[in-house]
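Here's the structure we're looking at; comments come further down.
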Amino acid sequence: MPQPILRNILENPGWYTAYTPYQAEISQGRLEALLNFQTMCSELTGLPIANASLLDEATAIAEAMHMLYAARPKELNNAHKFFADKGLYPQNIDVLKTRCAPIGVELVVGDAKDFDPAAGYFGLALQYPAIDGSVNDYRSLVIKAKAVGVKTAVCADLLSLVLLAPPGEWGADVCVGNSQRFGVPMGYGGPHAAFFCCSDEYKRLIPGRIIGVSQDRRGKQGLRMALQTREQHIRRDKATSNICTAQALLAVMAGMYAVYHGPDGLKRIARNVHAHTCNVAETAKAMGYTVANGSTSIRSRFPV
């Protein structure tokens, strides 16, 4: 965490005592910082809509499952199965299990290579990179799923997306993850603010808040909450989620981390992480160990 962000945001009561900017007239700075977080996530994932923000990655993928289930087309009304690749992190699978049961969704965990999207499924979840560090090309799988109306949600590492092809580019409908790799301190275990990005068709269903740009009658621009769903004013017995107001402070810090380092700095950090990983893999091989995957080369999203 860069010291200017640590001192001026994390340790500044003006930021950390007011997590939710309901009063737009006195919260323009905070709204601008959250809009910056949304823009950053949208550009890195390749998807047009982003919120600011959710609780953590595991609850975010559960929210994605719930959203895709609620929005499934009429021809899939009888589809109640959701596929989760075994490469997902265990906490993601566990929260999916918890959230699928009450709404009648059957969660199927298996190998994405063997997934058949025609067998009563409405969606699938993939990890990118997977839990074993492998970077898989899911394009053909996503195309096959789209052909029968099955939607794809991806759990992605935000820093890896600085270098890897973004999920939106290869057909994902939703991309979630957390922002811990963007300079957020460990904080006694987290959680770390999650991002949630999706295609335009889900802009009225996306959980959480979306910060937008308005213009008053004098032509002056101003920021406000363009959309907020399932907020705290909903009666407890009617609410399905209360995580939409969470993690604004950490989202602001993650966005400022991107501003502080800029595109070139983020690419340098991501390449440095990848270089260290390759060095560990090569050293392990030299010591006689077998490396489980061969994802040592990456497709850069920018010219080198």
Side-chain angles (χ1 to χ4, degrees), residues 1-2 44-46 56-58 60-61 83-97 107-116 124-142 144 152-167 169-172 175-192 194-195 254 257 261 263-304:
M1 170 57 62
L44 288 173
T45 61
D56 63 359
E57 181 176 319
I61 189 59
F83 182 85
D85 181 46
K86 65 180 184 180
L88 262 68
Y89 294 137
Q91 66 268 24
N92 295 347
I93 294 175
D94 286 345
V95 176
L96 276 171
K97 288 178 180 176
L107 181 67
V108 179
V109 181
D111 194 330
K113 298 185 182 70
D114 304 323
F115 175 58
D116 178 12
L124 72 147
L126 305 168
Q127 191 83 43
Y128 182 73
I131 190 171
D132 63 355
S134 59
V135 180
N136 301 303
D137 187 352
Y138 294 114
R139 292 172 194 268
S140 59
L141 172 61
V142 172
K144 186 169 67 170
T152 304
V154 176
C155 298
D157 179 278
L158 199 57
L159 186 60
S160 75
L161 296 182
V162 174
L163 299 178
L164 297 178
E169 182 182 293
W170 44 263
C175 183
V176 304
N178 73 65
S179 55
Q180 195 268 318
R181 264 74 66 191
F182 269 51
V184 178
M186 290 301 290
Y188 301 99
H192 304 96
F195 61 91
Y257 181 84
H261 289 288
D264 292 337
L266 291 177
K267 283 185 281 185
R268 183 177 63 252
I269 292 167
R271 287 179 179 135
N272 191 39
V273 170
H274 182 247
H276 284 314
T277 305
C278 291
N279 288 340
V280 170
E282 293 304 317
T283 303
K285 288 178 184 177
M287 296 172 67
Y289 291 95
T290 301
V291 177
N293 73 77
S295 299
T296 55
S297 63
I298 52 177
R299 176 192 163 190
S300 176
R301 50 184 291 149
F302 302 106
V304 178

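Predicted, not measured: the structure shown is a model, and the values here were computed from it.
The line from OG of S160 to CG of L44 is 9.0 Å long, rounded to the nearest 0.5 Å. Atom NE2 of H274 sits about 16.0 Å away from atom CD1 of I269, to the nearest 0.5 Å. Of the inter-residue distances, the one linking D116 atom CG with F83 atom CZ reads 10.0 Å to the nearest 0.5 angstrom. Note that OH of Y257 and CG of L266 are 7.0 Å apart. Values are rounded to the nearest 0.5 Å. Note that the CZ atom of F115 and the NZ atom of K144 stand 8.0 Å from one another [nearest 0.5 Å]. In this structure, the separation between OG1 on T152 and CG on L141 is 6.5 Å, given to the nearest 0.5 Å.
The closest donor-acceptor contact from the side chain of Q127 to the backbone of Y89 lies under 3.5 Å. The backbone N or O of A130 lies less than 3.5 Å from no partner atom in the side chain of S134, so there is not a single donor-acceptor pair.
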Inset, instruction - Apply side-chain contact (heavy atoms from CB on, under 4.5 Å) to the pair R271 and H276, showing each step before the final yes or no. - result: CA-CA 9 Å; R271 287 179 179 135; H276 284 314; over 6 Å; no
Inset, instruction - Start with the C-alpha gap between L158 and N178, add the side-chain angles, then the distance that decides, and say whether side-chain contact (heavy atoms from CB on, under 4.5 Å) holds. - result: CA-CA 7 Å; L158 199 57; N178 73 65; over 6 Å; no
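Residues P2 and H261 are in side-chain contact: their nearest non-hydrogen atoms beyond the backbone lie under 4.5 Å apart. In this structure, the side chains of V162 and P263 stay at 4.5 Å or more apart for every pair of heavy atoms. Residues N279 and E282 are not in side-chain contact: their nearest non-hydrogen atoms beyond the backbone lie 4.5 Å or more apart. L159 places a side-chain heavy atom less than 4.5 Å from the side chain of F182. Residues N136 and Y128 fail the side-chain proximity criterion, which asks for heavy atoms closer than 4.5 Å.
Considering every non-hydrogen atom in both S179 and V184, the closest pair reads O-CG2, 3.6 Å. Of all heavy-atom pairs between E57 and V176, the closest is O-CG2, 4.4 Å. For the residue pair M1 and P185, the shortest heavy atom distance occurs at CE-CD, 4.0 Å. Between P166 and G46, the shortest heavy-atom distance links the atoms CB-N, 3.8 Å. Scanning both residues, P129 and D157, for their nearest heavy atoms gives CD-CB, 4.0 Å. Taking every heavy atom of both residues into account, G171 and V142 meet most closely at O-CG1, 3.4 Å.
When the side chain to side chain contact (heavy atoms under 4.5 Å, CB included) test is applied to A58, the partners found at least two apart in sequence or on another chain are D56, Q91, N92, V95. Partners of D85 by side-chain hydrogen bond (donor to acceptor under 3.5 Å, both in side chains), not counting sequence neighbours: none found. Annotation: side chain to side chain contact (heavy atoms under 4.5 Å, CB included) contacts of V280 (sequence neighbours excluded): none. In this structure K86 satisfies the salt bridge (charged side-chain N to carboxylate O under 4.0 Å, His left out) test together with D111, sequence neighbours excluded. Residues passing the side chain to side chain contact (heavy atoms under 4.5 Å, CB included) test with I93 are L88, K97, V109, sequence neighbours excluded. A search for side chain to side chain contact (heavy atoms under 4.5 Å, CB included) contacts involving M186 returns Q180, not counting sequence neighbours.
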